[in-house]
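See below for the structure under consideration.
Note on naming: letters A, B, ... go to the chains in the order of the sequence lines (proteins, then strands), and numbering restarts at 1 for each one.
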Number of protein chains: 2
Amino acid sequence: MYSQGMHVPDSDPKPSPEPSRPARESHVPIPAVRRLSLYLRELEALRKKDSKTVSSRQLGTALGLTDAQVRKDLAYFGQFGRPGKGYDVSEMIARIRSILGTDRTWRALLVGAGHLGTALLSYRGFFGKGFEIVAAFDNNPAKIGTVVGVPPGIEIRPLDRLEEVVRDLRVQMAILCVPAPAAQELADRLVAAGIKGILNFAPVTLTIPDHVSVGSVDLAQRLEQLAFHISAKQLLDDAQQGG
Amino acid sequence: MYSQGMHVPDSDPKPSPEPSRPARESHVPIPAVRRLSLYLRELEALRKKDSKTVSSRQLGTALGLTDAQVRKDLAYFGQFGRPGKGYDVSEMIARIRSILGTDRTWRALLVGAGHLGTALLSYRGFFGKGFEIVAAFDNNPAKIGTVVGVPPGIEIRPLDRLEEVVRDLRVQMAILCVPAPAAQELADRLVAAGIKGILNFAPVTLTIPDHVSVGSVDLAQRLEQLAFHISAKQLLDDAQQGG
DNA sequence: GCTTGTGAAACGTTTCACAGCA
DNA sequence: TGCTGTGAAACGTTTCACAAGC
């Protein structure tokens, strides 16, 4: 059974607050899980400012969401806050990290050390977030053996070592930064080697078995969306201007 | 009125409880607009293979969607296909481009020529998609004056020229690749200078006036989502294994 | 006062099912 | 037969409104 995308199967991630009801599984909306990352980012900013607690309204205002939305989202995962007081910033950071699985460190590898790939190897934004890039690969002989990224850096290895490294280092995730025509074949190899998730920067839809998760980042697509929304707003303005 | 995110505004952000006005008819779901970009990408791949027509089922299968979804999405924008035959590939490419607004070329500028910024300046994926990066900025004196990207390349300019360039070149979009603490201030300057849309790579939520569109790409967030989905699948497997 | 957590209602999106057409 | 376009049903998500607690 093959599919694309990243659906969460029905399961019960939260310890049920009502022990009397065993059957009904509360499904967590996928958008709510996405917002969890937003909450985490904002909470870490608050902690830097030494805020001890935060209300759903504060958090919502900072992120452009309603207070009700924030409360609902958090409630999917249990009881977080205290009425009259709000949410404890540090406790909530710990709990969201635990939910997302980033309270431990995930080992990732990078495939394709082109411009984007090397930029990601130098990116500091992963540090302290629960991710570590443990290996990088390319098929360009001129790049193999060179060391890239924040010191001490990572050595670029030849692609034929891919399977070996995935197994030896028990790598769970891959960041795929290769040209579009090469992406599917490399995704197949990564899956066969035992990778559990792929973040794909190539502008193609990957076909991947159900037991592997895929996320995709397509820059051109993001600019297209921006263009559409700008046009839509301009059309609306013109319509209001005209009548 | 300020907000975050990229919603296409209805007549009113907070609609009045009186439904007396018929208001906006045939509202297009935002997810459908996102999929339009996917269709476009797939259609261009099909055209390269000299496919003349494609059915909603073919397109859906290639993208992991149902045929009904593909038809509904396209129908929001008018009559595209022919019963019994399918959709004309070239005609549909032209129509989707026209809908997204990428049948013309958008002028974008890039702010922040760090690792990610310079990688984007070298990225070929924008070419022929309706976007052109016409200027790049950084505050690092060592970078100013250097030329980056695919030949002939783009010269890195000092940040204090930002407003001048936006006006003189009538730039509509900005790609923001600066460190998180600098992002909001630069977004404010871009908005004040007349920019209509921002694609933000900094891991902060920008506060932006309603008439400007924002899209955000947060790499750490994407890896977090991947981690969550991998964990969820593993939990499900374990539960099924155990009983 | 202020806050959370939560059923229920409102709203948005996807899937279904089939009429109509080539 | 094979396909599109589309109302209507099914499903998913957000907002509302308020009881309960600090």
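Inter-residue side-chain proximity for A:L206 and A:L176 is flagged as met; some heavy-atom pair is nearer than 4.5 Å.
Between A:D73 atom CG and D:dT15 atom C1' the separation is 12 Å, expressed in whole Å. Going from atom CD1 of A:I30 over to atom P of C:dT13 covers 15 Å, rounded to whole Å. Between A:L65 atom CG and D:dT13 atom P there is a gap of 15 Å when expressed in whole angstrom units. When rounded to the nearest whole Å, the span between NE2 of A:H27 and C1' of D:dT14 equals 15 Å.
The salt bridge (Lys or Arg N to Asp or Glu O under 4.0 Å) check on B:D67 picks up B:R71, with sequence neighbours excluded. In this view, A:P29 and A:P31, A:A32, A:Y76 satisfy the side-chain contact (heavy atoms from CB on, under 4.5 Å) rule, not counting sequence neighbours. Remark: A:S98 engages A:D103 in a side-chain contact (heavy atoms from CB on, under 4.5 Å) (not counting sequence neighbours). For B:A108, the side-chain contact (heavy atoms from CB on, under 4.5 Å) partners are B:M173, not counting sequence neighbours.
The phosphate of D:dT13 has neither OP1 nor OP2 within less than 4.0 Å of any side-chain N or O from A:Q69.
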Under 4.0 Å protein heavy-atom contact, by nucleotide of nucleotides 2-8 of chain D - B base, S sugar-phosphate only: BBBBBBB
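For residues 33-50 of chain B, proximity to DNA chain C is found at B:R35, defined as any non-hydrogen atom under 4.0 angstrom from a strand atom.
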Using residues 78-96 of chain B as the side-chain source, report each donor-acceptor pair under 3.5 Å to any protein atom, sequence neighbours left out, with the distance given to one decimal.
{"unit_1": "B:D88", "atom_1": "OD1", "unit_2": "B:S90", "atom_2": "N", "d": "3.3"}
{"unit_1": "B:D88", "atom_1": "OD1", "unit_2": "B:E91", "atom_2": "N", "d": "2.8"}
{"unit_1": "B:R95", "atom_1": "NH1", "unit_2": "B:Q79", "atom_2": "O", "d": "2.6"}

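Residue pairs satisfying the salt bridge (charged side-chain N to carboxylate O under 4.0 Å, His left out) criterion with at least one member in residues 172-200 of chain A, sequence neighbours excluded, are listed as follows: A:E163-A:R189. For residues 29-46 of chain B, the salt bridge (charged side-chain N to carboxylate O under 4.0 Å, His left out) pairs, not counting sequence neighbours, are A:D218-B:R41, B:R35-B:D73, B:E44-B:R97, B:E44-B:K129.
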